[in-house]
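In what follows, a structure is listed as structure tokens, so that the remarks can point back to it.
Counting starts at 1 for both ligands and their atoms, in listed order. What's counted below: heavy atoms across the whole structure, side chains too, no hydrogens, waters or symmetry copies. Small disclaimer: the values here were computed from a predicted structure and weren't measured.
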Amino acid sequence: MTVLIRGGTVVNADRAFRADVLCSGDKIVAVGENLEVPPHAAVIDAGGQYVMPGGIDPHTHMQLPFMGTVTSDDFYTGTAAALAGGTTSIIDFVIPNPKQPLMEAFHTWRGWAEKAAADYSFHVAITWWDDSVHADMGTLVREHGVNSFKHFMAYKNAIMADDETLVKSFRRSLELGAIPTVHAENGELVYQLQRELLAKGIRGPEAHPLSRPPAVEAEAANRAIAIAGVLGTPVYIVHVSCAESLEAIQRARAHGQRVYGEALAGHLVIDDSVYRNPDAAYARAFVMSPPFRSREHQTALWHGLQGGSLHTTATDHCTFCAEQKAMGADDFTRIPNGCGGVEERMAVIWDAGVNSGRLTPSEFVRVTSTNAAQIFNVYPRKGSISAGADADLVVWDPQGTKTLSAATQHSKGGFNVFEGRTVRGIPSHTVAAGKLVYVQGDLRAEPGAGRYVERPAFVGTNAATI
Ligand code: URQ
Ligand code: ZN
Ligand code: ZN
């Protein structure tokens with residue numbers, strides 16, 4: 001397929017400029033003014049619109065078996081929803097059960113993801129340790145294009161990595177040229193606080209944030225940063241939700257340590273009042289970890305994005321329907337943790353970030369696409385509008401408006417944490433691997449069109465380029 005996007009303003013992380021974009025097959029082949037219209041080309045009139053690199057969501061959980069159930073979105077429905085929102089690549093997670101061989105889990109997830117409609121890659125979680133894990137990490141890096149390993153410091157008695165596992169896995173990651181990432185919450189503290197709350201008879205969703213205060217997250221963030229600092233490896237902290245964790249990152253970076261931070265669209269605009277809603281089913285829908293925080297933490301996260309101490313935005317898309325969330329109706333610790341957002345991320349961040357003046361369009365591109373591509377070593381294949389890059393683009397209508405709602409979303413789960421929010425600035429077209437997959441409300445996502453994206457190991461001592 002040949003697609004010519006003409007008359008728009010191209011926005012890359014470094015600059016915005018007037019240019020047409022020509023895509024042939026799955027690549028961008030030309031970026032320049034007044035490009036000729038090739039025969040049989042599909043032409044998109046992008047006048048008055050921005051042409052930006054397709055979004056990269058570096059944190060999703062499609063089809064995840066978790067807390068006794070499986071997330072509502074599978075790899076097709078979740079990636080189709082992503083395309084409808086202008087995100088053209090996801091980085092999901094292979095999460096082996098403790099004692100499960102990593103390669104077995106990796107091949108299982110690969111099978112699940114074959115139905116994906118958009119390109120995908122995997123962080124692999126290190127949930128246990130022995131010599132076979134050490135060996136499989138090498139196989140994954142050298143033969144399967146994995147360059148990032150996830151560590152859940154929360155979820156005791158499930159997938160939590162203890163300090164021994166963290167140290168051994170971080171060291172192995174460094175040897176292999178891979179970057180360790182962490183879910184930073186002290187799982188022991190969470191566990192004990194949960195027990196205490198239940199013992200006091202506080203069993204509803206309002207207890208969830210009480211069992212995971214910011215200090216519980218900050219302790220783990222500081223610990224992961226300290227371990228990485230001692231071992232000399234970079235570290236990427238997912239879903240940074242509070243000022244205290246951000247300050248830990250800022251301190252480390254101020255001393256030259258290579259620490260990256262990720263902010264979720266939800267944590268940037270939703271506050272913890274949702275947990276005090278008298279409708280327990282409504283409050284349960286917002287149970288995710290780390291929890292939504294009070295407003296001052298959102299201000300801190302925006303300052304982190306603006307100031308460069310937070311680098312990427314993601315969603316942690318992990319949807320459960322009301323019936324699944326009701327598994328914890330009389331015990332908040334049994335509410336499956338996770339919320340959606342993969343379809344809304346870019347519009348929410350444009351509306352709250354660019355329209356407010358917090359971010360320029362180029363900074364928007366940096367935090368929704370380019371930084372993730374660079375940190376996880378797929379730039380400029382991804383995260384750039386340039387000849388030779390993948391033809392993953394979103395044509396962005398800055399005047400278009402939409403009211404976000406479960407009634408119109410494409411993702412499953414039947415709930416939208418951004419319900420009722422009217423945003424200005426929405427995708428008009430999404431092009432993925434050179435195909436028109438979303439055209440002014442018409443979603444043309446194809447199961448199986450997504451490709452597994454190998455991410456090369458980092459070379460030399462400086463892992464990433466930012
Ligand atoms: O912790 C995660 O990132 C996964 C299990 C999604 N759930 C969540 O509450 N964040
Ligand atoms: Zn997490
Ligand atoms: Zn997650």
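- Protein residues are said to neighbour a ligand when one of their heavy atoms lies under 4.0 Å from it; for ligand 1 these are His59, His61, Phe66, Phe152, Tyr155, His183, His239, Met288, Ser289, Asp316, Cys318, Asn337, Gly338.
- Pairs of residues two or more places apart, or lying in two chains, that qualify as ring-ring contact (aromatic ring centres under 6.0 Å, His included) and include a residue from residues 213-236 are Tyr236-Phe376.
- Salt bridge absent: Arg334 and Asp330 never bring a charged side-chain N and a carboxylate O closer than 4.0 Å.
- With salt bridges taken as basic N to acidic carboxylate O contacts below 4.0 Å, none links Asp73 and Lys412.
- Each salt bridge (charged side-chain N to carboxylate O under 4.0 Å, His left out) pair with one or both residues in residues 100-127, not counting sequence neighbours, appears once here: Asp119-Lys382, Asp119-Arg451.
- Side chains of His239 and Glu217 form no contact here, defined as non-hydrogen atoms less than 4.5 Å apart.
- Side-chain contact, His151 with Ser169: a donor N or O sits under 3.5 Å from an acceptor N or O.
- A salt bridge links Glu175 with Arg172: at least one charged nitrogen is closer than 4.0 Å to a carboxylate oxygen.
- Note on the Zn ion (ligand 2): protein N, O or S atoms under 2.8 Å away count 2, no waters included.
- By the 4.0 Å N-to-carboxylate-O rule, Asp271 lies close enough to Arg295 to be salt-bridged with it.
- A heavy-atom distance below 4.5 Å is not found between the side chains of Met52 and Ile385.
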